[in-house]
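I have placed the structure first, in the form of C-alpha cells, so that the comments after it can refer back to it.
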Amino acid sequence: MRHSNEAQNTHIRLPAGRHGLLRETKVHYKTHYCGDLRKGDSGQEVLLAGWVHRRRDHGRLIFIDLRDTRGLVQVVFNPKTAPEAHAVAEQVRNEYVLCVRGTVSPRPAGTENAGLPSGEVEVVAGEAQILNTAKTPPFYINEEVEVDELLRLRYRYLDLRRISVHDRFAVRHRVNKYIRDFLDARGFYEIETPILTKSTPEGARDYLVPSRVYPGNFYALPQSPQQLKQLLMVAGFEKYYQIARCFRDEDFRADRQAEFTQLDLEMSFIDQKDILDLIEELYAGMIPALRPDLKLAPVPFPRLAYDDVMRRYGTDKPDIRYGMELADVTDLGPTCDFAVFRDVIAAGGQIRGFAAPGGAAFTRREIDSLTQFVEDQGGKGLISVALLGEGGIDDLTPEDIRSPMHRYLSMELIKGMAQRTGAKRGDLLILVADEPKVASAALDALRREMAARLNLADPQVAACCFVVDFPLFDWSESEQRWDSVHHPFTAPKAEDLALLETDPGKARSKAYDFVINGMEGAGGSIRIHRREVQEKVFELLGMAREEAQYRFGHMLEAFEYGAPPHGGIAAGIDRTVAFFTGAPNIREVIAFPKTQSAYDPMMGAPSPVSPKQLEELGIAITKSTEVIAPVEGAPQADLQ
RNA sequence: GGCCCCGUGGUGUAGCGGACUAACAUGCCACCCUGUCACGGUGGAGAUCGGGGGUUCGAAUCCCCUCGGGGUCGCCA
C-alpha cells in the first residue's frame, strides 16, 4: 500500500496559477520556504514543498511538520474543511516529498510552539500532493541521535538531510563567500590551476593518475598548488588566490582527509608583514562575522618567535587561551641527588614543567594516567609534585610536598619550579626530564590534557597568534642531510643568510604559521627569488645540480625570467569551518568524506576497473585487495 | 605499521559464563483517537549478538585470529 502507485496518484492537480502567484505554463512547487513563515505572513495563501519531518495523526486532525532547506513549519489537515488533502495526509509517511497549498494562520491561542521559529503560525492545508514516496530511512533524520559513522557515510545524502548537518554547510558557504569578497575587494584574482599535474618526490605521497596517451607515465593530483602559484607570480599576476582542492595520500586523522580544501594565496612585491597583516585582517573580520558570540582579542594578533613558543609551550601551535606556560629548571637539576636528572643533563637534556592550577587535588590514579601522554611522545615518565599547606611559595617545607619522587627532589628545585611557573599552594607541578624534543612534545601533550581536565580551554574564545622565525632546516638523521622545515623555496631571513655557509641549523626562515586555539589554521612563507640563494639551499638539501634541475627545472628556468619577490600562505578551509561550527572533525564539514581507511562507502570508491581500461593505460595489476562493497543492510521497511 | 576504544532487532542502548526461549527505548505495521508538536492508547512483526576458530556440560558474555568504524603515534616537504 505505502509504496504503491496508488499513493503516487492520490493527487490534486499540480498547483498552477491562482491569484497571479504562478504562471500557467510552468509547474510551480513552492512560493515560500517552510522555515521562513512567520506571523507576518498570516492570511497568505502559500504553496510549500518539502519533506515530511514528522506526522501526528489524531484520527481526524493530522499535523505534519514539513521541512525544507530553511526549516520546519506545521501543516494542519482537517477532514471537515479539506477532505481530499486529509486523505493524502493519511497516506504520508516520514520523508515523503510533499507539496501543499494552504493558508498561513496564526495558531489558536495556547497552541503556539516557542521551540520552533515558525511556531506562531501554521499552514492550514487546502490541497496536498505526494510528489514522491520514501522508504523508511536507515536512521533518524528527524532526531539528533548519534549514528554509526559508517552508516552515515553509506547514506550520506540522508545524513546531510539532517538539519544540524545541513547547517554546517551554510557556514562553509559563508566562509567561502567571505573570503572571496574580502580578497576581491583587495584586488586578488581567483585563478584555477590544474588538478592533473606533475608528481614531485618531496612531501606527502602523491595520488597518481595514469596517462593513456603516454603509457607508463602519470599525472599527480596536487598536494597544493604551491609551484603553480609561484609561477603565476612570475607571470606577473601579483595577487592570486584560489580555494583549492589538495590531495595527499597519507593516513587520515580527525583533521586530515585524502582531499581537503585550502585557501591558497600568493602576492608579489611584499614581505612577511604584508601576508600576516592580510591574514590577520581576514580572520579578525571573518570570526566576528561568522561567530559574533566568540570573544576575540583585538588586533594585532601576537606574533611569536618559534624558539619562544617552543620554550613556553613545547609546540609550534600553542593554545594561548590558557596559561600553564612551561618553565625550565635544568640548572637546578644538580641540587637533587637523582640519577635520572644527572643522566639527562649529561646527555644534553632538560628538566622542564608547568603548574596545573588546583591540581594538587588530583588523585594518585588521575596523575598516573598522565604518564601515558608522556610515553606516547617517547618519554619515560613524569614527576608530579603537589604543593600543599598554607602560605607563600618561599615558605614551602618538605611537609608541604606530596610527590612519588619526594626523596629525590631538592627543595631548591621545587621552589625554583614553583617560582618560575608562578605556582601557588594547591597547584600541581608536572615535570619531565628528557631530551629537548621529547620534553617539549610530552609537556605539550600534558598541558593540553590538563587544560581539558581543568576546563581551561574556553570554547567561547578565539585566541589567534602567528608563529614566525621558524628554522629553515632541520637535520635528517636517516638521510644525513638538512631537510626543509617548510619547503625548499622558503626564503631565509636576510640577516641569517651568512649562516647558510657557517651554521645552517641556526638559520631562520621567512616561514610563518597562523594558529587559532592551538590549531594550525594557515602556514606559508616568503619564497626565494634569487638563483644563487636557491642553489645554496638545494646544495644543503643534498641535491646535486642535475637533480635539482630534474626535479625543479621548470621552476628554476622560470625564475631566470625575472621572478619578483613573492610569498604567500595557505589556510585550511575544512579546519576553519570545523572551528566555526564546533565540529569535532573535518568530515562533518565535508559533503562526501571518506573513512579513515580512505574508502567512500556511498560511492564504493576506490573500485576495480575493467581489463579494457587497464589495457588502454598499459597497466598490469600485480597486487590487489578485495574492496568491501558498501555495507549491507538497506532499509527493511519495503521488505515487510 | 604500533597503541587505545567500539561492533547486540531498522536506529540508539542494556546484558559481560547458566534464570537470554536476548531486555529497554524509539522506529516500523495494524486498529483507535479533532490541537498535537519526541501527540496519546491497544496489539503485532522484527536481532542468534561483525565474521571465523577455540575453551566449556553450557558463550552475546572467556581466549585466539580476522574484518569494519573511530581516536592517536609514526607519516602528513
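By convention in this document, chain letters (A, B, ...) are assigned in the order of the sequence lines, proteins followed by strands, and residues within each chain are numbered from 1. Computed from a predicted model, the values in this text were never measured in an experiment.
- For A:Asn585 and B:rG70, a side-chain-to-base donor-acceptor distance below 3.5 Å is absent, hydrogens and geometry of angles not being considered.
- Set against B:rG35, B:rC76, B:rU11, the side chain of A:Glu250 has B:rC76 as its closest nucleotide.
- Within the 4.0 Å cut-off from OP1 or OP2 of B:rG70, not a single side-chain nitrogen or oxygen of A:Arg152 is found.
- Interface remark: the A:Tyr599 side chain does not form any donor-acceptor pair with the B:rG69 base, using a distance-only criterion of under 3.5 Å.
- Across B:rU34, B:rG71, B:rC37, the shortest atom-to-atom separation from the side chain of A:Gln596 is found for B:rG71.
- Note that the CG atom of A:Leu221 and the CG atom of A:Leu208 stand 8.0 Å from one another [nearest 0.5 Å].
- Straight-line distance between the C1' atoms of B:rU42 and B:rC65: roughly 49 Å, to the nearest whole Å.
- Atom C1' of B:rA45 sits at a distance of 13 Å from the matching atom of B:rG27, rounded to the whole Å.
- Residue A:Ser597 places at least one side-chain N or O closer than 4.0 Å to OP1 or OP2 of B:rG69.
- B:rC33 and B:rG41: their C1' atoms are spaced 8 Å apart (whole Å).
- Comparing B:rA59 with B:rG54, their C1' atoms sit 11 Å apart, to the nearest whole Å.
- Put simply, the side chain of A:Arg56 and the base of B:rU36 share a donor and an acceptor less than 3.5 Å apart.
- In terms of polar N and O atoms assigned as donor or acceptor, the side chain of A:Glu143 never comes within less than 3.5 Å of the base of B:rU26 in a complementary pairing.
- Nearest nucleotide to the side chain of A:Val145, out of B:rA77, B:rG35, B:rU11: B:rU11.
- Base engagement by A:Asp57 is indicated by at least one non-hydrogen atom pair under 4.0 Å involving a base atom.
- Listed nucleotides B:rG35, B:rC28, B:rA77 differ in distance to A:Thr136; the shortest reach to its side chain belongs to B:rC28.
- Dashed line: the shortest gap from a side-chain N or O of A:Asn94 to OP1 or OP2 of B:rC28 is under 4.0 Å.
- Nearest to the side-chain atoms of A:Phe63 among the listed nucleotides B:rC73, B:rG35, B:rG27 stands B:rG35.
- Within 4.0 Å of A:Asn113, counting heavy atoms only, lies at least one base atom of the nucleic acid.
- Residue-level contact check: A:Arg551 touches neither bases nor backbone, having no heavy atom under 4.0 Å from any strand.
- When the P atom of B:rC76 is taken as reference, atom CG of A:Asp474 falls 11 Å away, rounded to whole Å.
- For A:Arg253 and B:rG70, the shortest distance from a side-chain N or O to OP1 or OP2 is not below 4.0 Å.
- To the nearest 0.5 Å, the span separating OH on A:Tyr33 from OG1 on A:Thr69 amounts to 6.5 Å.
- Taking atom C1' in both B:rG15 and B:rC24, one finds a spacing of 11 Å when rounded to whole Å.
- Straight-line distance between the C1' atoms of B:rA14 and B:rA25: roughly 10 Å, to the nearest whole Å.
- Residue A:Gln223 is classed as having no contact, given no heavy-atom separation below 4.0 Å to the nucleic acid.
- Side-chain atoms of A:Arg60 and base atoms of B:rC32 include no donor and acceptor less than 3.5 Å apart.
- Distance check, rounded to the nearest 0.5 Å: CH2 of A:Trp51 to CD1 of A:Ile141 gives 10.0 Å.
- Of all nucleotides listed (B:rG1, B:rA77, B:rA30), B:rG1 comes nearest to the side chain of A:Asp251.
- Counting only heavy atoms from C-beta on, A:Arg256 has its side chain closest to B:rC76 among B:rC76, B:rC37, B:rU34.
- A 3.5 Å limit on both hydrogen-bonding distances identifies no Watson-Crick or G-U partner for B:rA38.
- Residue A:Arg587 places its side chain closer to B:rG71 than to any other of B:rG10, B:rG68, B:rG71.
- A salt bridge links A:Asp159 with A:Arg156: the closest approach of a Lys/Arg side-chain nitrogen to an acidic carboxylate oxygen falls below 4.0 angstrom.
- Looking at which nucleotide of RNA chain B each of A:Pro79 and A:Arg55 is closest to, the 5′-most match is held by A:Pro79.
- As judged by a 4.0 angstrom heavy-atom cut-off over every strand, A:Arg107 is placed among the base-contacting residues.
- In terms of phosphate contacts, A:His58 brings no side-chain nitrogen or oxygen within less than 4.0 Å of OP1 or OP2 of B:rC39.
- Taking atom C1' on both B:rG46 and B:rA23, the two are 14 Å apart, rounded to the nearest angstrom.
- When the C1' atom is used for both B:rU61 and B:rU48, the distance is 13 Å, rounded to whole Å.
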- Message: Test side-chain hydrogen bond (donor to acceptor under 3.5 Å, both in side chains) on A:Ser118 and A:Arg107; report intermediate values, then the result.
- Response: CA-CA 10 Å; A:Ser118 66; A:Arg107 294 198 187 185; 5.6 Å; no
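- A:Ala511 approaches A:Ser525 most closely through the heavy-atom pair CA-CB, 3.8 Å.
- What separates CD of A:Gln257 from C1' of B:rC75 is a distance of 16 Å, to the nearest Å.
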